[in-house]
Each structure stands twice: as C-alpha cells, then as structure tokens.
Amino acid sequence: MALWKKMLTGIFSGLLAGYMISPHGGQILNEKTLETVLPWISLPGNVFMALISMIVVPLVVSSVTLAVVSGRDVEHLRNTGIGVGLYFVATTIFAVVVGVAIATIVQPGRYVPQELLADAGTRAASLGDLPIVQDRPPLPQMIMSIFPVNPVKALFDKAMLQIVIGAVLLGVALLSIGQKRAAPLVSFMESLQAVSMKFVDWAMLIAPYAVFSFLCGLTAQLGVDTLKAMSVYMGCVLAGLLALLAFYLTLVTVIGRRSPLLFLKHIRDAQILAFSSSSSAATMPITLRVAEDNLKLRPEIADFVIPLGTTINMDGTAIYQMIAALFLAQVFGIDLTLTETCVLAVTIVGASVGSPGTPGVGLVILSTILHNIGVTAEGIAMILAVDRILDMCRTTINVTGDLTASVVMNKLIKP
Ligand code: ASP
C-alpha cells in the first residue's frame, strides 16, 4: 500500500479509536484510565518525533550549506536570497490581507454566546502563570538576535533562524575559498545530509502508526461542545486557509507551469504528516524529500527554500493570527481603527516570521500581540480550546506554502 494511503488510514482509524475511548464520546475509558493509557497511545508518535528531532539540526545545516555551495557564485546567491525573501514577505502580506477581509465581512465575534466567555474566564485563571506575555525587545536587539553569536549554543537550542543564517554564512565562506580547500568540509556535509536522510527513511516506516497515535490521543481528550460554539470562528480560519491553498495552486499553475492536481498528488505525504503532527519543523525532512524526489526540483533550490521557508514562511499561521486577533477584538468589543488594524497586520507579518514551526506556537506568539490590543487571558483561553484542530490545518498550509515557494523559485531562478 502507498505511504499516503497508510497514513490516511492512520488518521481515520485514530479519529475513530480516539472517539470510542474518549470519556466525552464512546466512553470505553473513564478519565482516570485514559490518563494511564494516554502515554502508551502517544508512544509511536513520540518515537517518530524523536527520530526526526534528532536529525533536524544536522539536516538543516548540511542542506542549507550545500545549497549555497552548489550555487554559481556569491552574486547569484544574493539574487536568489533577495528573490526568496521578497516572495515570502509578499505571500505573508497576502495572507494577512485575506484574513482582515474575512474577519471584517463575516464578523465571527458576533456569534459567540456570552456563557462561553464566562466559562473561558474560569479557565483563564489556570492560565495565569503561563509565560505568555513577554515584552518585545527593541528592533536593533531583534536584528542582532538572528546571528548565532555562539554557534554551539544555537545548535543546542535548536534556534532555527540562527542556524539557517550560520549555514548560509558557512556556505558563502566555502564558496569563496576555492574548491580545493572547501572539498573536505563539503564532502563532510554531503555525508551528514545522507545520514540524516537515512533517519528520515526509518521514521517514515513508523509514520502511519505515528499518525494514528497523534490523532487518537487528540480526539480522546477533545470536548465537542466548545467546538460547536466556536464554529463560525473556526469556519472563518478554515475558509482563509482554503483561500490560501487556492492562491498557491494558482501560483503553481501560472508561474510554476505545473498541473495543480499533480502538484497536490506529489506533496500529499508531507501534507498528511504536517496535518497530523502540527509541526512544520518536524515535517521538514519529508518536505525536502517530496520537493526533490516527487516534484523533481533542483536540489540547490529545494535545499535552500525548504529549510528557510520552514523557519520564516508561515502564511497559514499569519492568516490564523489575523483572524483570531480580529475575532477576539470583536468578542471583547474593542474597536480597532484602520491604523490600529494596519499596525496589527504588520506585527503579525513580523510575528509569523519569528514563530518556530512547532505545535501551538502560533497561539503563544499571538497572545503577546493580543495583550497589546487589550484582549485578556480569557480570550486566549477561549481560542485555546479549539486551537489544536486549527493548528493542524494551518501547519498543512504552511508546508504547502514552502513547497509552492520552491516550485515558483525553481522556475524563476535560472540555474
Ligand atoms: N504549528 C505551526 C507550524 O509548525 C506553527 C503554528 O503554531 O502556527 O507550522
């Protein structure tokens, strides 16, 4: 059976099994037994994540360095960097604008029953000590923070943006010292990349079980009532994500000159994995494989765009943050002027660049922004209840966005 079919089977059987054992659903288990069983259900998922987490850093370092080294020269590289950067910013702005349009037209905040707010108030009390609200550092400090001043620490902390920047600099240095002197380090990187990919192969063997494990664990703990009350808000986010998908498919067709259906078929392994793991960083090795093996993109493009895109290009997260922010402003009766909405949009474009691709961070970063416009912890508690499902969907779009970017760049950047 093809991998995607196995993974889809994992998703559906996970959903069903989770519902059956859930104390809120089929009630095969009660709350207490579920607590004991849950770590076992999560085990295959955690093993999968462990295998991938082990190699994400070496894979990013080797791929980005090799991508830079295989470029023609430093000038070509600079043009590629500028092109990719502009593309990422443009699509993120597009996402935020679509988010504003949907939230303003539909006004999802008007459909929330007052009891839900009160209920969220009770739950917010328990959120009190989460490290949610942090002050943003001043801009020069933020710019400095992208440099891996201590490279070893950056590797240890898995600070992806710093790692990507470090790898680009390493690649540029290798490119400028001449082939002979660069050769040993380049072949080390090639070996490191191949070894990391072997780990990915192993992880993929258990991917269908991991998918089952993610979905089963998730549905077993989910309450259905909140879902109903928040359905208009969720519908808005999903509509936004679908609009983004349509936009990507248009880019793939018009600029990439590929059939959109074939594109979707080629990338489904990555999409299914992103959906079930809610982490574009954990999906990155598979995204890279899909880009090179299925979409047949040039390695120097895929190796550069995918790791960079995973780190800074998150259109799904951006559209979600925009809709969630406007939704909560509506719920709390905060009237945002046009200027305030624009400031909010700019902040969100920046925030989506800074968010690492791990589950739920979109919400944590959003909470800082929400605090600035006057939404309290109750609001965060309210959207937290339905965040995981939206996280799964926006991560899928984030990954699709990175693959679209690679297809477009593969076409626009001449070898
Ligand atoms: N989970 C998302 C990702 O990995 C980030 C987010 O929380 O929006 O792409």
Side-chain angles (χ1 to χ4, degrees), residues 45 48-49 52-53 56-57 59-60 88 91-92 95-96 98-99 130-132 134 158-161 163-164 210-211 214-215 217-218 233-234 236-238 240-242 244-245 248 267 269-288 290-291 305-328 345 347-370 380 383-406:
F48 174 85
M49 286 302 234
I52 295 284
S53 314
V56 149
V57 170
L59 184 62
V60 170
F88 284 162
T91 50
T92 312
V96 168
V98 174
L130 271 184
I132 277 181
Q134 312 135 352
K158 292 195 174 172
M160 283 305 171
L161 192 54
I163 295 176
V164 171
V211 168
F214 292 140
L215 270 291
L218 183 68
Y233 156 70
M234 293 177 74
C236 283
V237 176
L238 294 179
L241 294 175
L242 280 178
L244 268 184
L245 181 64
Y248 291 151
I267 67 168
D269 286 354
Q271 283 186 316
I272 295 176
L273 207 59
F275 180 78
S276 32
S277 69
S278 293
S279 168
S280 38
T283 312
M284 195 215 84
I286 292 88
T287 317
L288 201 56
V290 160
V305 177
I306 299 290
L308 191 66
T310 305
T311 318
I312 63 174
N313 181 40
M314 299 206 184
D315 303 341
T317 299
I319 203 168
Y320 149 80
Q321 289 179 332
M322 196 69 227
I323 294 179
L326 293 181
F327 163 72
L328 286 177
T347 321
I348 286 177
V349 171
S352 78
V353 169
S355 315
T358 38
V361 295
L363 177 73
V364 177
I365 305 245
L366 175 68
S367 52
T368 316
I369 301 169
L370 289 176
I380 294 152
I383 52 172
L384 187 64
V386 293
D387 191 60
R388 187 56 196 249
I389 299 179
L390 298 180
D391 195 3
M392 295 160 81
C393 301
R394 65 186 188 246
T395 308
T396 312
I397 295 299
N398 286 343
V399 168
T400 310
D402 298 334
L403 285 163
T404 307
S406 317

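Every heavy atom of this structure was used, including side-chain atoms; hydrogens, water molecules and symmetry mates were not. We count ligands from 1, going down the list as the structure has it; atoms in each ligand are counted the same way.
Closest to atom 7 (O) of ligand 1 among all protein heavy atoms lies Gly362 N, 2.8 Å. Among protein heavy atoms, the minimum distance from atom 1 (N) of ligand 1 is reached at Asp391 OD1, 2.7 Å. Of the protein's non-hydrogen atoms, Thr395 OG1, 3.3 Å is the one closest to atom 2 (C) of ligand 1.
Interatomic distance, CG of Leu363 versus CG of Asp391, reported as 8.5 Å (0.5 Å rounding). Taking CG of Asp315 as the start and CG of Leu241 as the end, the distance is 10.0 Å to the nearest 0.5 Å. Put simply, CG on Leu215 and CE on Met392 are 4.5 Å apart, with the number rounded to the nearest 0.5 Å.
Looking only at distances, no side-chain donor or acceptor of Lys158 sits under 3.5 Å from a matching main-chain atom of Val56.
Taking the six-membered ring where the residue is Trp, Tyr233 and Phe327 present parallel rings, their angle staying beneath 30° rather than reaching 60°.
Here is the list of ligand 1 atoms found below 4.0 Å of a heavy atom in Thr317: 5 (C), 6 (C), 8 (O). Taking every heavy atom of Ser279 and a limit of under 4.0 angstrom, the matching atoms of ligand 1 come to 4 (O).
For the residues Ser280, Ala281, Ser278, the heavy atom positioned nearest atom 9 (O) of ligand 1 is part of Ser280.
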